[in-house]
Peer 1: 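Structure below; questions to follow.
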Amino acid sequence: MNARRRFVALAALAVLVTGVAAGVAILSLYRVGLARGGEALAAVVRGQVAMAEAVFQSELTDLGGDTAAAVESAVQHVRAATRNFTGFGRAGEFEVARRVGDTLVFEIGLRGDTARVHALMALPSDRAIAAQRAAMGERGVARALDYRGVPVLTAYAPVPGTGLGVVAEVGLAELRAPYLRAALLSAGVAGVLILVALALGLRVGAPLLAVVEERE
C-alpha cells in the first residue's frame, strides 16, 4: 500500500471512529431520556392513583360499604380531573382499565385533547400489557405494546381495593425520533467535514506524498 492509499485509509478509519463515538453518545442520551420519560409517566400515574384511592375510600365510608358505587365515583372523579388532558407528546395516552372476568374494560381512554373509551378487549391478549398488569394489581415502568399493538414506554399501577388500573404511556417511535435525527445529522456533518479535510489534505500534501511514494 502506497502513501496515498494509507492516507485515505486513515481518513476512512477516522470517519468510522467518529461515527461510532457519536452513536455511543447518542445511545447513552437516549437511555437517559427513556429513564426520565419513565419517571415522568410514573409520577402522573402515582398522582391519579392517589386521588382515585382517596375518593374511593371516602365514598366507601359515605355509601356504607357499597364498593361498586364507590368505584364508579372514583372513576368519575378521575374522568373529571383528566377532561383537559393534553397528552404526552403527540401520541401520549392516559387510561383507566378494569378486568372483568376474561375481558379488559377501558373506563377512561384519552389521547391528546380527544376523550374516548376503547372497545372491550378479550383476555388473554398480547396487547395492552400495561393495562392488564395494572388491573391485576401490578405496578412498574416498561416497554410494551399498547392496545393497538404499538410499542410504547408505559407506567402503570393499580388503585388499591377497586380493581382499577391506571396507565400512562407514550410511543417509543416518538421518543426515538429526536435521537435518530441527531444521529443522522451528526454522522452527516462529521462525514462531510472529514471528506473536506481529506480532500484538502490530499491537495496540500500532494508534494510530500509524491516524495514518499518515490522513496518507496
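The basis for the numbers below is simple: all heavy atoms, side chains too, and nothing from hydrogens, waters or symmetry mates.
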Peer 1: Closer than 3.5 angstrom, by distance alone: can the side chain of Thr162 be matched with the main-chain N or O of Val159 as a donor-acceptor pair?
Peer 2: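 Pair found, side chain donor or acceptor close to backbone of Val159.
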
Peer 1: Nearest 0.5 Å, what's the CD-OH distance between Glu169 and Tyr147?
Peer 2: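 Between Glu169 CD and Tyr147 OH, I get 7.5 Å after rounding to 0.5 Å.
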
Peer 1: To the nearest 0.5 Å, what is the distance between CG on Asp62 and CD on Glu59?
Peer 2: 5.5 Å

Peer 1: If you round to the nearest 0.5 Å, how far is CG of Leu34 from CG of Leu172?
Peer 2: 6.5 Å

Peer 1: Taking the side chain as every heavy atom from C-beta outward, state whether Gln132 and Leu123 have any pair of such atoms under 4.5 Å apart.
Peer 2: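 Answer yes - side chains close enough.
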
Peer 1: To the nearest 0.5 Å, what is the distance between CZ (Arg148) and CD (Glu93)?
Peer 2: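 Nearest 0.5 Å value for the CZ-CD distance: 6.5 Å.
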
Peer 1: Hey, could you give me the CG/CG distance between Leu153 and Asp146, rounded to the nearest 0.5 Å?
Peer 2: 12.0 Å

Peer 1: Quick one: do Leu145 and Val167 end up in the same hydrophobic cluster if we chain Ile, Leu, Val, Met, Phe, Trp and Tyr together by side-chain heavy atoms under 4.5 Å apart?
Peer 2: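 No; tracing contacts between hydrophobic side chains, which count when under 4.5 Å, never links both residues.
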
Peer 1: Which one of Leu41, Val45, Val166 satisfies the side chain to side chain contact (heavy atoms under 4.5 Å, CB included) criterion with Phe94?
Peer 2: Val166

Peer 1: Side chain to side chain contact (heavy atoms under 4.5 Å, CB included), that's the test. Do Leu164 and Val71 meet it? Break it down for me.
Peer 2: CA-CA 8 Å; Leu164 299 172; Val71 169; 4.0 Å; yes

Peer 1: Might you point out which heavy atoms bring Gly38 and Ala155 nearest each other, and give the distance in Å?
Peer 2: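 Looking at all heavy atoms of both residues, the shortest contact is O-CB, 4.4 Å.
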
Peer 1: Report yes or no: does Ser125 contribute a side-chain atom to a donor-acceptor pair with the main-chain N or O of Met121 at less than 3.5 Å?
Peer 2: no

Peer 1: What heavy-atom pair brings Val49 and Pro158 nearest, and what distance separates the two atoms?
Peer 2: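 Answer, listing the atom of Val49 first, then Pro158: CG1-O, 3.4 Å.
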
Peer 1: Between the side chain of Arg98 and the main-chain N/O of Gly163, is any donor-acceptor distance below 3.5 Å?
Peer 2: no

Peer 1: For the CG atom of Leu104 and the CE atom of Met136, what is their distance to the nearest 0.5 Å?
Peer 2: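 Taking CG in Leu104 and CE in Met136, the distance rounds to 9.0 Å.
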
Peer 1: With side chain to side chain contact (heavy atoms under 4.5 Å, CB included) as the test, would you mind laying out the steps for Val141 and Thr154 before giving the verdict?
Peer 2: CA-CA 6 Å; Val141 177; Thr154 178; over 6 Å; no

Peer 1: When you group the ILVMFWY residues by side-chain heavy-atom contacts below 4.5 Å and let the links chain together, are Phe56 and Val78 in the same group?
Peer 2: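 In one cluster with Val78: Phe56, yes.
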
Peer 1: With the 4.5 Å side-chain cut-off for hydrophobic clustering, are Leu175 and Val150 part of the same group?
Peer 2: no

Peer 1: Does the side chain to side chain donor-acceptor pair (under 3.5 Å) test come out yes or no for Gln76 and Glu72, once each step is laid out?
Peer 2: CA-CA 6 Å; Gln76 293 301 328; Glu72 182 59 31; 2.7 Å; yes

Peer 1: Using only atom types and a distance under 3.5 Å, with no angle test, would you say the side chain of Arg99 pairs donor to acceptor with the backbone of Gly101?
Peer 2: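 Yes, Arg99 side chain to Gly101 backbone: donor-acceptor pair under 3.5 Å.
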
Peer 1: Quick one: does Thr61's side chain get under 4.5 Å of Gln57's, heavy atoms only?
Peer 2: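 No - every pair of side-chain heavy atoms lies 4.5 Å or more apart.
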
Peer 1: Output yes when a side-chain donor or acceptor of Arg79 lies under 3.5 Å from a complementary backbone atom of Ala74, and no otherwise.
Peer 2: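 Not confirmed, Arg79 side chain does not pair with Ala74 backbone.
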
Peer 1: If hydrophobic clusters are built from ILVMFWY residues whose side chains come within less than 4.5 Å, do Ile129 and Ile108 share one?
Peer 2: no

